[in-house]
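Note that ligands are numbered from 1 as they come in the structure, with each ligand's atoms numbered from 1 the same way. By convention here, the first residue in the shown sequence is residue 1.
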Amino acid sequence: MGRVTDLAAFSALLTDEGQALLTALRDYTPSQELAVASRLRREHPADLVTAAIAQARLRQRAVAKFGEQDAHRMYFTPGGVEQSTRRPVAEHRAAAFARLGVRSVADLCGGIGGDAIALARAGIRVLAVDRDPLTAEAARANAAALGLADLIEVRCTDVTEVDTSPYDAVFVDPARRGGRGRVFDPEAYSPPLSWAIDAARKAPHAALKIAPGIPHETIPPEAEAEWVSDGGDVKEAVLWFGTRPGTITATLLPGPHTLTGRGLPNPPVRPVGRFLYEPDGAVIRAHLVAEVAEEIGGGLVDETIAYITADEPRPTPYATAYEITDELPFSLKKLKALLREREVGTLTVKKRGSAVEPEELRRKLKPKGPNAATVFLTRVAGAPTMLLGRPVR
Ligand SMILES: C[S@@+](CC[C@H](N)C(=O)[O-])C[C@H]1O[C@@H](n2cnc3c(N)ncnc32)[C@H](O)[C@@H]1O
């Protein structure tokens, strides 16, 4: 990324001819690619057609994160789509900054601008910094394409070179991918987490985006930690500085629904009741299962497993409720017989604390019939157990 030829190809996309090509390619499907490419190459420079097709493909991939409207106006690099914050998550964070009274943010590691765009749309002035020239160009083009150029200044430099003192807040979203995939050690992030924490401590307010799997021991005492999920998938954890030290929250989007930790001890283990609740991943990562168990009036099926059980159906945004019809010790034969008896053809397999592979299980069971059910493979008070049920509507 960032080679002169890439930059030239990118700039060509911003010309009238490049724009016309991007418009023509908006709804193309990969199966048409060869035919479309050879047709377009008759009228346009081959390099430009190649760049436009690559960009059109990236835009299609970006729809899931940014929505149809924005994705087809924005510009991406392959890494930039992958690493950018999806719109609902970025908007949630931007709203939190706005509530803190923040008017300007130094977005250190701005990427193609996923966060910068949401911040600017919340009325916040942004300095978006990225050391990769092509990524910075894409961020600049995105600010212009979305009418936010007045609020977003893009600077192509190393974050360590930036004086953040003129800004109300700092946001750091370090690169967490190395040459060989995801990086798990926070000191191997670029920039390293310790650098980001130092930068955060110098600012009145700060947020650092980190991997959701980060061990809780790594959280500095003065930080507030928030785990965020969107549509049930855990997306990120964020360390907030200048807010509520030691507080742990889980935020579920859309909503938002935010659960705040109260330092509750582990919930009691109890026999499986009529209902089983599967907490959202953000709740589990934030270690807030006890808070949800208390809300539901339930206990755990096993002290090491994050399934809550209760006798009453209590609606909560923080867990999905299932009505349990059967509880039996783990046995493929028994499960097969039970599914046959219930005429279950559509089986959802969920597991916690079991080594069984759901796909393999489904293959072995070959369920047939008009009914649907969910089977939980788990441990109940230490014993491998199967719970059959269905979601509570
Ligand atoms: C996870 S991405 C940021 C994504 C961004 N928040 C978004 O939503 O689009 C991290 C970015 O940090 C940049 N980066 C990594 N180390 C850097 C450094 N030391 N200085 C400046 N940029 C850096 C990378 O080029 C990459 O674009």
Does the ring centre of W240 sit less than 6.0 Å away from the ring centre of F97? yes
Pair R121 + D70: basic N to acidic O under 4.0 Å: yes
Check each atom of ligand 1 against the heavy atoms of D173 and keep those under 4.0 Å away; list them by number with element. 1 (C), 2 (S), 3 (C), 4 (C), 5 (C), 6 (N), 10 (C)
Closest to atom 25 (O) of ligand 1 (judged by heavy-atom distance), picking from I112, T77, D132, D130: D130
Near T135, which atoms of ligand 1 are under 4.0 Å from a heavy atom of that residue? 27 (O)
One finds that the ligand 1 atoms under 4.0 Å from a non-hydrogen atom of G110 are 5 (C), 7 (C), 9 (O)
Would you say the side-chain atoms of D280 and S229 include a donor-acceptor pair closer than 3.5 Å? yes
Can you tell me how the ring of F376 sits relative to the ring of Y307, calling it parallel under 30°, perpendicular over 60° and tilted otherwise? perpendicular
What distance do I296 atom CD1 and F275 atom CZ have between them, rounded to the nearest 0.5 Å? 11.5 Å
Run the salt-bridge test on R342 and D326 with the 4.0 Å N-O cut-off and return the result as yes or no. yes
Look only at interatomic distance and state if S84 has a nitrogen or oxygen under 3.5 Å from any nitrogen or oxygen of ligand 1. no
For ligand 1, is there an atom lying under 4.0 Å from some heavy atom of A139? no
The closest protein heavy-atom partner of atom 3 (C) of ligand 1 is C109 O, 3.2 Å
Ligand 1 atoms in contact with G114 (distance to a heavy atom under 4.0 Å): 7 (C), 8 (O), 9 (O)
For E222, is there an ion pair with R201 - N to carboxylate O distance below 4.0 angstrom? yes
Any Lys/Arg nitrogen of R314 or E295 sitting under 4.0 Å from an Asp/Glu carboxylate oxygen of the other? no
Please report which non-hydrogen protein atom sits nearest to atom 16 (N) of ligand 1, along with the residue it belongs to and the distance in Å to one decimal place. S190 OG, 2.7 Å
Ligand 1 contact on T160 by region, counting heavy-atom pairs under 4.0 Å: neither
Nitrogen or oxygen of A175 less than 3.5 angstrom from that of ligand 1: no
Quick note on ligand 1: atoms under 4.0 Å from a heavy atom of G113 include exactly 9 (O)
Please determine if R131 and D158 form a salt bridge, counting it only when a charged side-chain N lies under 4.0 Å from a carboxylate O. yes
Looking at ligand 1, does any of its N/O atoms fall within less than 3.5 Å of an N/O of V159? yes
Flag the pair E359 and R363 as a salt bridge only when some basic side-chain nitrogen lies within less than 4.0 angstrom of an acidic carboxylate oxygen. no
Would you tell me which option among R131, E82, E161, R155 has the nearest heavy-atom contact to atom 18 (C) of ligand 1? R131
Using a strict 4.0 Å threshold on nitrogen-to-oxygen distance, state whether E82 and R61 make a salt bridge. yes
For L108, state whether at least one heavy atom is located under 4.0 Å from any atom of ligand 1. no
Of all protein heavy atoms, the one nearest atom 8 (O) of ligand 1 is T85 N, 2.8 Å
Side chain, backbone, both or neither: which part of A116 comes within less than 4.0 Å of ligand 1 when only heavy atoms are counted? neither
Does any N or O atom in D107 lie less than 3.5 angstrom from one in ligand 1, N or O only? no
Using a 3.5 Å cut-off on N or O atoms only, is Q83 in polar contact with ligand 1? no
Quick one: do H287 and W227 satisfy ring pair (Phe, Tyr, Trp, His ring centres under 6.0 Å)? Show the steps, please. CA-CA 10 Å; H287 298 178; W227 274 260; 7.1 Å; no
